[in-house]
Amino acid sequence: MASGLAVTTLLGATPARAQAGADTVAAIRARGAVVCGVTGTTAGFSLPDSQGVMRGLDADSCRSVAAAIFGDASKIRFVNTTSQNRFTALQSGEVDLLVRNTTWTLSREASLGFEFASINFYDGQGFMVKKGLNVASARALDGATVCVQPGTTTELNLADYFRSNGMKFTPVVIESVEEIRTAFNSGRCDAYTNDASSLAAFRATQTNPADYLLLPEIISKEPLGAVVRKGDFKFFDIVRWAHFAQLTAEELGITSQNLASFADSPNPDVQRFMGKTGDLGKMLGLQPDWAVQIVRQLGNFGEMWDRNITPLGVQRGINNLWTKGGLQYAPPMR
């Protein structure tokens, strides 16, 4: 992982101002940095460390785009966004892309003017309770109060689940992640619902994680990943293939630690990945070693997962490579 990946949170700073149909890559190069919208509050995905450096899977996915464009993963700026303002930030050009636990849905692509370039986490919505509630299943939550964020697929899924199971609930709707977690801890709600990854991240940061129980039911499909504005397929391709490059590296066994040993590999797939043949970088408007720079500075996808998600106690499961029974699958780099 590259050193010196300091975080700049751009609340009130100069916005990206790259509108749909514009040349986003040209704007990024002129600015000298990729501007990426994240939560900034979720352990394992995007949360500043004690030095103020943004850490997490989403933060590193943002950095992979900077590494591809500049050959330098540190040329990145982060904007903390909420579930309510994230789409406005992208539409207005305040950010170049979003990578902040945002679910890919038809309506978001068809009506908001967005394209989902990649999925860096296959997730699903779950429920968390305190063990003292003595509840072992979401089906036992009839009549419960449930903390949920507004303006999310989570809120819609919650209503659908209770209605389809003939149960009643009282929503406690709070926008701020910090406030909703405080409300849950203080007993304002019996259960807290969110993506299972977010719930696991919350539990991992508590003083006594064993006091919290993730219920077994997963009630939705939540493919989370990078979102860009429609109309600029040059930038879309770079964001998409930055993710695929990390998957391809993992498939080929290329890591940040052994990268140099592949420099003279006779394997045609490796030669294309390393930028020796195929002109793949030129096709994307990038340097020949764009994929090498991503892996050198951030690792392959497995390394990124182990660094950010494994400490949460979350098994890789369906987020494994397709060759290991998971859903992560990269089209051929050729």
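Source: prediction; values computed, not measured.
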Q: Roughly how far, to the nearest 0.5 Å, is CG of D237 from CG of D232?
A: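 D232 atom CG to D237 atom CG measures 9.0 Å (nearest 0.5 Å).
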Q: Have a look at R86 and tell me which of N80, T81, T102 forms a side-chain hydrogen bond (donor to acceptor under 3.5 Å, both in side chains) with it.
A: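 The passing option is T102.
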Q: Would you tell me whether Q328 and N120 have side-chain atoms, one donor and one acceptor, within less than 3.5 Å of each other?
A: no
Q: May I ask you to check whether E175 and S83 show a side-chain donor-acceptor distance below 3.5 Å?
A: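 No donor-acceptor contact under 3.5 Å links the two side chains.
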Q: Would you name the heavy atoms of L312 and G44 that are closest together and state the gap between them?
A: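 Closest approach of L312 to G44, heavy atoms only: CD1-CA, 4.0 Å.
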Q: Within the 3.5 Å criterion, strictly below it, is a donor on Q293 or Q297 matched to an acceptor on the partner's side chain?
A: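 On atom types as modelled, these side chains qualify, holding a pair under 3.5 Å.
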Q: Would you mind checking if D23 and R29 are paired as a salt bridge, meaning a charged N to carboxylate O distance below 4.0 Å?
A: no
Q: Is the ring pair F244/W241 parallel, tilted or perpendicular, if the boundaries are 30 and 60 degrees?
A: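 F244 vs W241 ring planes: perpendicular.
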Q: If you round to the nearest 0.5 Å, how far is CG of L47 from OG1 of T205?
A: 8.5 Å
Q: Can you confirm whether the side chains of S220 and E222 place a donor and an acceptor under 3.5 Å from each other?
A: yes
Q: Parallel, tilted or perpendicular: which describes the rings of Y212 and F184, with under 30° parallel and over 60° perpendicular?
A: tilted
Q: Please confirm whether Y122 and W104 have ring centers closer than 6.0 angstrom.
A: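 Ring centres of W104 and Y122 not closer than 6.0 Å.
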Q: Using the side-chain contact (heavy atoms from CB on, under 4.5 Å) definition, which of the options L321, D306, I309 pairs with R316?
A: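 Only match with R316 under side-chain contact (heavy atoms from CB on, under 4.5 Å): L321.
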Q: Tell me whether the centres of the aromatic rings in F262 and F273 are closer together than 6.0 Å.
A: no
Q: Check whether any side-chain N or O of D142 sits under 3.5 Å from a backbone N or O of K168 as a donor-acceptor pair, and report yes or no.
A: yes
Q: Would you say the ring centroid of Y161 lies under 6.0 angstrom from that of F127?
A: yes
Q: Would you sort out whether D289 and K276 count as a salt bridge (charged side-chain N to carboxylate O under 4.0 Å, His left out), showing the intermediate values?
A: CA-CA 8 Å; D289 67 343; K276 304 290 187 181; over 6 Å; no
